[in-house]
Protein chains: 2
Amino acid sequence: MGVTQSQKFNTRENKLADYARALAHPARIAILQFLIKQKTCFCGDIVEHLPFSQSTVSQHLKELKEAGLIKGEIEGVRTCYCINEKEWKTAQKQINNLFDNYTGYNDCC
Amino acid sequence: MGVTQSQKFNTRENKLADYARALAHPARIAILQFLIKQKTCFCGDIVEHLPFSQSTVSQHLKELKEAGLIKGEIEGVRTCYCINEKEWKTAQKQINNLFDNYTGYNDCC
DNA sequence: CATATCAATCGCAATATTACGATGTATTTG
DNA sequence: CAAATACATCGTAATATTGCGATTGATATG
């Protein structure tokens, strides 16, 4: 989203939307699940595991990294990806913060 | 996303991505927060509260409704919107299911 | 140092999202 | 029943996302 639009909202709303956007594609959900499950987490492993090309997977990894949910470290010719523990927990908290705000007592329909 | 692509993934991954996509815009986050906070929840109230036109707000409401997170009921000339309690909780569970899968012991970077 | 491997990035086409004004539809009110 | 009100939907332009092949760059290996 452009800068003009994001300025209409506060930091919390924008950050929350950013986390959600990172999760808003089944390929990225699948990548995250794979990273959680596997101990080895090279890009190539993910490419083998998903029905997408190397460039596409690399781009999804980039978006997850930019959202902060994962981190990648270059190990020689490979890059090792894994969950970014700290921001992973932050994201979960922020999202639950929204969900928990609803206590179920304002059902007006 | 097109049908061709979503077939590459399982129902759970697709549904999770759908919930996330509904939350992937600060305007929709703001709408949800407003619905949670207010007792009256007519479309017009939201339009007054947000820096968007009536048609834009209506479209965001439609997307939230299609994702299942809210429901709307026509009350004469107005439409009353509120959180869809059941699916709201389902969404929270599904999302937490993903987050909780990560236990923090596979940091390989 | 030539070659192979791995992954990031570029360029591009297809598709999706976003936002809005204009219009349509139903309901209420005078 | 005419006018006003509230909202949905349509049409459209601008922008963003998605996916891939091709290329690049960096490291390893013979």
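All chains are named by letter (A, B, ...) in the order of the sequence lines, taking the proteins before the strands, and each is independently numbered beginning at 1. These numbers come from the heavy atoms of this one structure, side chains and all, not from hydrogens, waters or symmetry mates. Remember, predicted model here, so these are calculated numbers, not experimental data.
- With rounding to whole Å, B:Glu48 atom CD is found 9 Å from D:dA6 atom P.
- Projected onto DNA chain D by closest heavy-atom contact, A:His60 and A:Val77 fall at different nucleotides, the more 5' of which corresponds to A:His60.
- The A:Arg28 side chain lies nearest to D:dT18 when the options are C:dT9, D:dT18, D:dC7.
- Whole-Å rounding puts the B:Phe9 CZ to D:dG19 C1' distance at 11 Å.
- Rounded to whole Å, atom C1' of D:dC20 lies 10 Å from atom NZ of B:Lys8.
- For A:Arg21, taking side-chain heavy atoms from C-beta onward, the closest of the listed nucleotides D:dA8, D:dT17, C:dT9 is D:dT17.
- Distance from the side chain of B:Thr56 is smallest for C:dA19 among the nucleotides C:dC6, C:dA19, D:dC7.
- For the pair B:Lys62 NZ and C:dA16 P, the interatomic distance rounds to 15 Å; values are reported in whole Å.
- Distance, B:His25 NE2 to D:dT15 P: 14 Å, rounded to whole Å.
- When distances run from any side-chain atom of A:Phe52 to the nucleotides D:dG19, D:dA8, C:dA19, the shortest one goes to D:dG19.
- Looking at which nucleotide of DNA chain D each of A:Glu63 and A:Ile74 is closest to, the 5′-most match is held by A:Glu63.
- In this structure, the CZ atom of A:Arg78 is 14 Å from the C1' atom of D:dT29, given to the nearest Å.
- A salt bridge links B:Glu87 to B:Lys15: one of the charged nitrogens lies within less than 4.0 Å of a carboxylate oxygen.
- In this structure, A:Thr79 reaches the C:dA8 phosphate: one of its side-chain N or O atoms is under 4.0 Å from OP1 or OP2.
- None of A:Lys71, A:Gln38, A:Glu73 except one satisfies the side chain to side chain contact (heavy atoms under 4.5 Å, CB included) rule with A:Cys82; the exception is A:Lys71.
- A distance-only check finds no donor-acceptor pair linking the side chain of A:Arg28 to the backbone of B:Ala17 [under 3.5 Å].
- Counting all heavy atoms, side chain and backbone alike, A:Ile74 lies closest to A:Gly76 at CG2-O, 3.3 Å.
- Between B:Phe52 and B:His25, the ring planes lie perpendicular to each other; the angle is over 60°, past the 30° to 60° tilted range.
- Between the CG atom of B:Leu23 and the C1' atom of C:dT18 there is a distance of 17 Å, given to the nearest Å.
- The side chain of A:Tyr81 approaches C:dA8 more closely than any other nucleotide in the set D:dA8, D:dG19, C:dA8.
- Counting atom types as modelled, B:Gln54 pairs a side-chain N or O with a base atom of D:dA8 as donor and acceptor under 3.5 Å.
- Not a single donor-acceptor pair, N or O on each side, falls under 3.5 Å between the base of D:dG19 and the side chain of A:Ser55.
- Using a 4.0 Å heavy-atom cutoff across all strands shown, B:Ser58 reaches at least one base atom of the nucleic acid.
- Rounded to an integer number of Å, the gap from CD of B:Glu75 to P of D:dA8 is 13 Å.
- Here C:dA7 is the nucleotide among D:dT18, D:dC7, C:dA7 with the atom lying nearest to any side-chain atom of A:Phe42.
- With hydrogens and angles ignored, no donor-acceptor pair under 3.5 angstrom links the side chain of B:Gln59 to the base of D:dA8.
- Contact annotation: side chain of A:Ser53 to base of D:dG19, donor-acceptor pair absent below 3.5 Å.
- B:Phe42 and B:Val47 are not part of a single hydrophobic cluster, where members link through side-chain heavy atoms under 4.5 Å apart.
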